[in-house]
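Only one structure is covered here, and it is reproduced in the block below.
Hydrogens, waters and symmetry mates are skipped; everything else that's a heavy atom, side chains included, is used.
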Amino acid sequence: MNKSNYSKIIHYFVILVFLMGTLSCGNKIKTITVKGGVLNTKLLYNETFSDGMENWLVEQMPNGKVAVKDGKLEIDDEAGCTVWFKNKLSGSIVIEYDVFIIQNGGANDRVSDLNCFWMANDPENPTNLFANAEKRGGKFSNYDGLKLYYMGVGGNDNKTTRFRRYVGNGERPLLPEHDLKDAKFMLEPNKTYHIKIVAHDSIIQYYRDNVLLADFVDKAPYTSGYFGLRTVKNHMTVDNFKVYQLISK
């Protein structure tokens, strides 16, 4: 083999190694650890808000506004608001998103109530959560009849952080260990928070900036339903909304 051919072989070999490395990085599987078990993930939804509000349904009391602005979902609410992701989720999932609580002199710039629902269903309309959307209209008490998980961070004027399990008959039991009142569990203005919600078999968890705020083992878990952003008299943006399916390794 002459020197010229040898150099060409080396050249093509280097290119092949580079391409294999690039493809490997591109197909790298994201994993997550849930109570010591490592699970693979599959990205189901990646909301960039490029389609505006196409994937979301708003239930809101009068005088509030929800819109996509500068590539983010912006909620400017006066009296109560739920913004539902229209796609029903099922099985073991992880929901992630970033939120920014705005305090800049606006009428609704109250640092409070970074809340959400997940795995939500309506016993009155088991095949259509949105049948009573207009009737609920964003008023918080109108959601008491649903079956869902609820997390309220910085509620009651930024004094409480709580996890509840709605059972569908008006009851929303609160476990003492999920009633947090320390200042470190409340909200700060003009700060981006990363939220991660885990629903894996009986394990229900809520993280804020990788700090576990709710860790619940449900003997009769809700395994399918809808996710909704929930707030009242609050001004915030939502970005980088993603949903992953969890897959055993």
Test applied, ring pair (Phe, Tyr, Trp, His ring centres under 6.0 Å); reference residue, F227; option that passes from W118, F117, Y149, Y97:
Y97
For the residue pair N190 and F100, establish whether any side-chain heavy-atom pair is separated by less than 4.5 Å.
yes
Using a 4.5 Å cut-off on heavy atoms from C-beta on, say whether the side chain of I197 contacts that of C116.
yes
Joint hydrophobic cluster, V99 plus Y45, side-chain heavy atoms closer than 4.5 Å:
yes
Within-4.5 Å side-chain heavy-atom neighbours: V243 and L89:
yes
Distance only, no hydrogens: is a donor on one side chain within 3.5 Å (strictly under) of an acceptor on the other, for D76 and N108?
yes
With hydrophobic residues grouped by side-chain heavy-atom distances under 4.5 Å, do L129 and L229 end up in a single group?
no
Main-chain N/O of S90 paired to Q245 side chain as donor or acceptor, under 3.5 Å
yes
Minimum heavy-atom separation for M119 and G91, please, with both atom names.
CE-O, 3.7 Å
With side-chain contact (heavy atoms from CB on, under 4.5 Å) as the test, would you mind laying out the steps for Y222 and K147 before giving the verdict?
CA-CA 8 Å; Y222 300 149; K147 297 178 70 174; 3.7 Å; yes
Please determine whether residues W84 and V238 belong to a single hydrophobic cluster, defined as Ile, Leu, Val, Met, Phe, Trp and Tyr linked transitively by side-chain heavy-atom distances below 4.5 Å.
no
Assess whether atom CG of N104 is packed by more than 12 heavy atoms of other residues, nucleotides or ligands within 6.0 Å.
no
Side chain D77, main chain G80, donor-acceptor under 3.5 Å:
yes
Hydrophobic cluster membership, with links at side-chain heavy-atom distances under 4.5 Å among I/L/V/M/F/W/Y: are L246 and L43 in one?
yes
Separation between CG of D179 and CZ of R164, rounded to the nearest 0.5 Å
8.0 Å
Please determine, by modelled atom types, if Y193 and E188 share a side-chain donor-acceptor pair under 3.5 angstrom.
no
Residues I75, V83; criterion side-chain contact (heavy atoms from CB on, under 4.5 Å); working and verdict
CA-CA 9 Å; I75 301 173; V83 186; 3.9 Å; yes
Do R136 side-chain atoms and N142 backbone N/O form a donor-acceptor pair below 3.5 Å?
no
Spacing of F140 atom CZ and D113 atom CG [to the nearest 0.5 Å]
8.0 Å
Would you confirm whether the ring centroid of Y150 sits within less than 6.0 angstrom of the ring centroid of Y143?
no
For F163 and I204, run side-chain contact (heavy atoms from CB on, under 4.5 Å): C-alpha distance rounded to whole Å, both residues' side-chain angles, the deciding distance at 0.1 Å, then the answer.
CA-CA 10 Å; F163 171 81; I204 308 299; 4.1 Å; yes
Taking atom NZ as the centre, does K42 end up with more than 12 heavy-atom neighbours from other residues, nucleotides or ligands that are less than 6.0 angstrom away?
no
Are any of the side-chain heavy atoms of V217 and S202 separated by less than 4.5 Å?
yes
Cut-off 3.5 Å, side chains only: do N55 and N87 have a donor facing an acceptor?
no
Given the rule in the side-chain hydrogen bond (donor to acceptor under 3.5 Å, both in side chains) test, do D98 and N240 qualify, once you have shown the distances and angles that lead to the verdict?
CA-CA 6 Å; D98 296 325; N240 301 317; 2.7 Å; yes
Reference residue E96; test salt bridge (charged side-chain N to carboxylate O under 4.0 Å, His left out); the match among K196, K30, K242
K30
Any chance you could measure H178, atom NE2, to R162, atom CZ, to the nearest 0.5 Å?
13.5 Å
Check for me whether the distance between the ring centres of F241 and F85 falls short of 6.0 Å.
yes
Using only atom types and a distance under 3.5 Å, with no angle test, would you say the side chain of Q103 pairs donor to acceptor with the backbone of R110?
no
For N125 and D122, which I'm curious about, is there any donor-acceptor pair between the side chains at under 3.5 Å?
yes
Atom CG of residue position D70 - does it have more than 12 heavy atoms of other residues, nucleotides or ligands inside 6.0 Å?
no
Could you pull out the closest heavy-atom pair between Q60 and V66, with the gap in Å?
OE1-CG2, 3.7 Å
One should read off an interatomic distance between T161 OG1 and F185 CZ, to the nearest 0.5 angstrom, of 8.0 Å
Minimum heavy-atom separation for D144 and R172, please, with both atom names.
OD1-CD, 3.5 Å
Side chains of Y207 and Q205: do they bring a donor and an acceptor to under 3.5 Å?
yes
If you measure only the distance, is there a donor-acceptor pair under 3.5 Å linking the side chains of E74 and H235?
yes
Side-chain heavy atoms of K139 within contact of M61, under 4.5 Å
yes
Please answer whether the main-chain N or O of H194 pairs with a side-chain N or O of D209 as donor and acceptor at a distance below 3.5 Å.
yes
To the nearest 0.5 Å, how far apart are OG1 in T192 and CE in M236?
12.5 Å
Hey, any chance F130 and V58 share a hydrophobic cluster, counting ILVMFWY side chains that come within less than 4.5 Å of each other, even indirectly?
no
Go through V198 and I93 one step at a time and tell me if the side-chain contact (heavy atoms from CB on, under 4.5 Å) criterion holds.
CA-CA 6 Å; V198 176; I93 59 166; over 6 Å; no
To check you understand the geometry: which heavy-atom pair defines the closest contact between P221 and D201, and what is its length?
CB-O, 3.3 Å
Taking all heavy atoms of L39 and all of S248, pick out the closest pair and write down the distance.
CD2-CA, 3.8 Å
Quick check for you: to the nearest 0.5 Å, what is the distance between M151 atom CE and L213 atom CG?
5.0 Å
With heavy-atom distances below 4.5 Å as the criterion, would you say the side chains of L180 and T160 are in contact?
no
Please indicate whether K72 has more than 12 foreign heavy atoms, meaning atoms of other residues, nucleotides or ligands, lying under 6.0 Å from its NZ.
no
Checking N234 side chain against S112 main chain: does a donor-acceptor pair fall under 3.5 Å?
yes
So that I can tick it off, tell me whether D218 and R165 are bridged by a salt bridge, with the cut-off set at under 4.0 angstrom between side-chain N and carboxylate O.
yes
K88 atom NZ: more than 12 heavy-atom contacts under 6.0 Å:
yes
Exercise: identify the closest heavy-atom pair between D239 and F49:
CA-CE1, 4.2 Å
Check for a donor-acceptor pair, side chain of R208 on one end and backbone N or O of M186 on the other, with a separation under 3.5 Å.
yes
